A.B. asks: 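Got a structure for you, questions after.
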Amino acid sequence: MTAFWLVKSEPSKYAFSDLERDGHTTWDGVRNAQAANYLRAMRLDDLAFYYHSREELAVVGVAVVTRKSFPDPTDPTGRFSAVELSPKQRFEHPVTLGEMRANTALAGMVMFRQFRLSVTPVTSAEWNVILAMSRGDGG
DNA sequence: GCCAACGTTGGC
DNA sequence: GCCAACGTTGGC
């Protein structure tokens, strides 16, 4: 069963366009225990919304997990994990944080409750709502 | 750029 | 094991 996630990145550091250019990337450097637990739960073919934090504040596309979690090569302690992500789809219409906040179907999203986590789970219902919003048909 | 939220660290 | 200080994140 495919699981759904939301990953955050500052576009000035690594934007969705960078992922599209590179074809795939190692999603490493996560140093928060809770976010690391979510990373470890990711499986091949899981899908993740790609959210631009700080500068754009919108989900701009979808990435797919192309390698399940493995020890983060940038973590000398071996405590943290990484996955590999590849671009799957760029949204026709980015879904902004404001639009997500305004949609009551998304009120329970983990990203609102723990806004600093760089990796959060998304329910299948939330996933479908945001996908619909990205197509402009109202969610 | 500021600062609130909140996880982590370290002195005791 | 408590908790103040510190560092990081991300909305504004």
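Worth saying up front: this structure is predicted, and the values here are computed from it rather than measured. Quick note on labels: first sequence line is chain A, next is B, and so on, each numbered from 1.
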A.B. asks: In whole angstroms, how far is the C1' atom of dA5(B) from the CG atom of Leu117(A)?
C.D. replies: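 It works out to 11 Å between those atoms.
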A.B. asks: Hey, does the side chain of Tyr51(A) come within less than 4.0 Å of dG11(C)'s phosphate (OP1/OP2), counting only N and O?
C.D. replies: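 It does, given that an N or O in the side chain of Tyr51(A) lies less than 4.0 Å from OP1 or OP2 of dG11(C).
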A.B. asks: Atom CD of Glu56(A) and atom P of dG10(C): how far apart are they, to the nearest Å?
C.D. replies: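 That distance rounds to 15 Å.
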A.B. asks: For the backbone of Phe16(A) and the side chain of His52(A), can you confirm whether one donor and one acceptor N or O come within less than 3.5 Å of each other?
C.D. replies: yes
A.B. asks: Base, sugar-phosphate or nothing for Phe112(A)? Non-hydrogen atoms, less than 4.0 Å.
C.D. replies: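 Since no nucleic acid heavy atom lies under 4.0 Å of Phe112(A), the category is nothing.
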A.B. asks: Which of these nucleotides, dC12(C), dG10(C), dC6(B), is closest to any side-chain atom of Arg116(A)?
C.D. replies: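 The nucleotide sitting nearest to the side chain is dC6(B).
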A.B. asks: Ignoring hydrogens and angles, tell me if any N or O in the side chain of Asp72(A) forms a donor-acceptor pair with the backbone of Asp28(A) under 3.5 Å.
C.D. replies: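 Flag not set: sc Asp72(A) to bb Asp28(A) has no pair under 3.5 Å.
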A.B. asks: His52(A) has an atom NE2; how far is it from atom P of dT9(C), in whole Å?
C.D. replies: 17 Å
A.B. asks: Please give, in whole Å, the distance from dG11(C) P to Met109(A) CE?
C.D. replies: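 Computing the Met109(A):CE to dG11(C):P distance gives 12 Å.
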A.B. asks: Could Arg113(A) and Phe115(A) be counted as a cation-pi pair, given that NZ or CZ must be under 6.0 Å from the ring centre and within 45° of the axis?
C.D. replies: no
A.B. asks: Would you say Asp46(A)'s side chain and Phe4(A)'s backbone share a donor-acceptor pair under 3.5 angstrom?
C.D. replies: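 Looks like no, no N/O pair under 3.5 Å.
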A.B. asks: To the nearest Å, how far apart are Arg101(A) CZ and dG10(C) C1'?
C.D. replies: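 The distance from CZ of Arg101(A) to C1' of dG10(C) comes to 10 Å, rounded to the nearest Å.
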A.B. asks: So if I take every side-chain heavy atom of Ser53(A) and compare against dT8(B), dT9(C), dG11(C), which nucleotide ends up nearest?
C.D. replies: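 Among dT8(B), dT9(C), dG11(C), the one nearest the side chain of Ser53(A) is dG11(C).
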A.B. asks: CD of Gln34(A) versus C1' of dG7(B): gap in Å, rounded?
C.D. replies: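 Rounded to whole Å, this separation is 11 Å.
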A.B. asks: Taking 4.0 Å as the cut-off, does a side-chain nitrogen or oxygen of Arg31(A) come that near to OP1 or OP2 on dC6(B)?
C.D. replies: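 Looking at the OP1 and OP2 atoms of dC6(B), neither is under 4.0 Å from any side-chain N or O of Arg31(A).
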A.B. asks: Any side-chain N or O of Lys8(A) less than 4.0 Å from the OP1 or OP2 oxygen of dG10(C)?
C.D. replies: yes
A.B. asks: What is the distance, rounded to the nearest whole Å, between atom CZ of Arg113(A) and atom C1' of dA5(B)?
C.D. replies: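 So the two atoms are 15 Å apart, to the nearest Å.
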A.B. asks: Atom CE in Met100(A), atom CD1 in Ile130(A): separation rounded to 0.5 Å?
C.D. replies: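 The CE atom of Met100(A) sits 3.5 Å away from the CD1 atom of Ile130(A).
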A.B. asks: Whole Å only: how far is the CG atom of Leu57(A) from the P atom of dG10(C)?
C.D. replies: 11 Å
